[in-house]
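Down below is the structure, laid out as structure tokens.
One-based numbering, in listed order, for ligands and for the atoms of each.
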Amino acid sequence: MTMSSRRQFLQSSLLATGALALPRTMVAGNTIANGAAGGRVVSTWDFGVGANAAAWPVLARGGSALDAVEAGARWAEADLCNSTVGHCGYPDRDGVLTLDASIMDGDGRCGAVGAIEDIEHPVSVARAVMEKTPHVLLVADGAQQFAVSQGFEKKPLLTDDARKAWREWLKTSEYRPKMNVERTGTPGDAHDHDTLGILSLDAHGKLAGACTTSGMAWKLHGRVGDSPIIGAGLYADNEVGAATASGVGEEMIRNAASFLVVELMREGRSPTEACREAIERVVHKRPAASKTLQVCFLAIDKHGEVGAYALHPGFVYAMHDATPGPHDKLIAAASIYGGNVVR
Ligand code: ASP
């Protein structure tokens, strides 16, 4: 898919604005949320529709949530050409594309890679870290060496489009992350950060999640965001639920945010309430900064109820389960600032 395909992809998806209340009414009185008995997968952003479509067949044949989220993340890394995830991602300020990814299941098994170069499927390397090493996180050269030792091919990933965008950026060299960019179709409207965060509950009642991203475009070389930090960009616990994040990752790391969302659900908050409270924590810590940057959370509990919340309007997520389609509807999350505040 080309960069403009992401736009077309979004345009062909139906935006279900104000649909936030749906997951909550779906669970009323049920142990398993309506439609979630055969499993459910949810993913961040418009490209979450495609990731869910890649993950769903795994769940539909009775496969594990872990396999499902890996399949969804791999789709986003390779098949979707997108300026913020995988091989079409924008590089750092030195023109180097570095990728971050993590994977975790609800039993507490997890693996991650940070700032890995020239490897197309960081989420699968993260899974190999989880399954084949005594460690959780490998970074940079070490992560790449490990990937090659496991049979992953090393190949240059930076696309011509991304190189062109970097050369353009060099003219000002300003690090000013954009928030909820309008999709106008002009070259300057490309997103400079977003993550595929994918969460799944399988038919056996097990949870898993994965994150994959090229991080913040024009970041300092060596910068690692929240996505490969377990507890910041991703957390899962079969006893409670799972959470993931997108937006400026430094805020998630400061607040151990995905862990916070899961712990708030453990205390009895619904997924939406937990996400909202975590967003409020971000605002409380840095009120001025929170007005200029985007932070978004997506969560699913052990019953399959789903919720989300963002700092600013514009965050959407996709959901896929056994309910008859269409499954290309995007659900708009409520936000603390501006517009669609739902409480
Ligand atoms: N959280 C990612 C990072 O900071 C970027 C994003 O999801 O917008 O690397």
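- Distances between N or O atoms of Thr213 and those of ligand 1 include no value under 3.5 Å.
- By the 3.5 Å distance cut-off applied to N or O atoms, Gly247 is counted among the residues near ligand 1.
- Judged purely by distance below 3.5 Å, without hydrogens or angles, the side chains of Ser124 and Arg74 pair a donor atom with an acceptor atom.
- Between Ser214 and the options Val85, Leu97, Asn82, a side-chain contact (heavy atoms from CB on, under 4.5 Å) holds for only Leu97.
- Using a 4.0 Å cut-off to heavy atoms of Ser246, the atoms of ligand 1 that qualify are 6 (C), 7 (O), 8 (O).
- Proximity to Gly215 (heavy-atom distance under 4.0 Å) selects the following atoms of ligand 1: 9 (O).
- In summary, Glu251 and Arg254 engage in a salt bridge, as defined by a charged side-chain N under 4.0 Å from a carboxylate O.
- Of the charged side-chain nitrogens involved, at least one lies within less than 4.0 Å of a carboxylate oxygen, so that Glu263 and Arg266 count as a salt-bridged pair.
- Residue contacts with ligand 1: Glu250 is placed with no nitrogen or oxygen under 3.5 Å of a nitrogen or oxygen of the ligand (distance criterion only).
- Near Met216, the atoms of ligand 1 lying under 4.0 angstrom from a non-hydrogen atom of the residue are 4 (O), 5 (C), 9 (O).
- Cys211 and Ser227 make their closest contact through CB-O, 3.7 Å (heavy atoms, listed as atom of the first residue, atom of the second, distance).
- Polar contact check, Asp100 against ligand 1: no nitrogen or oxygen pair lies under 3.5 Å apart.
- Any N or O atom pair closer than 3.5 Å counts here, and Ala245 shares no such pair with ligand 1.
- Residue contacts with ligand 1, taken as heavy atom pairs separated by less than 4.0 Å, do not involve Glu251 at all.
- Of the possible donor and acceptor atoms, one in the side chain of His87 sits under 3.5 Å from a partner among the backbone N and O of Glu77.
- Between Gly241 and Leu207, the closest heavy-atom pair is CA-CD1, 3.4 Å.
- When hydrogens are left out, the protein atom nearest atom 9 (O) of ligand 1 is Arg223 NH1, 2.8 Å; that is the closest non-hydrogen contact.
- Between His191 and Trp45, the two ring planes are perpendicular [angle over 60°; tilted spans 30° to 60°].
- Proximity of Gln294 to ligand 1 is not established, as no heavy-atom distance is less than 4.0 Å.
- When hydrogens are left out, the protein atom nearest atom 8 (O) of ligand 1 is His193 ND1, 2.7 Å; that is the closest non-hydrogen contact.
- The distance between the ring centers of Tyr309 and Phe297 does not fall below 6.0 angstrom.
- Within ligand 1, counting atoms from 1 as listed, the ones closer than 4.0 Å to a heavy atom of Thr195 are 1 (N), 2 (C), 5 (C), 6 (C), 7 (O).
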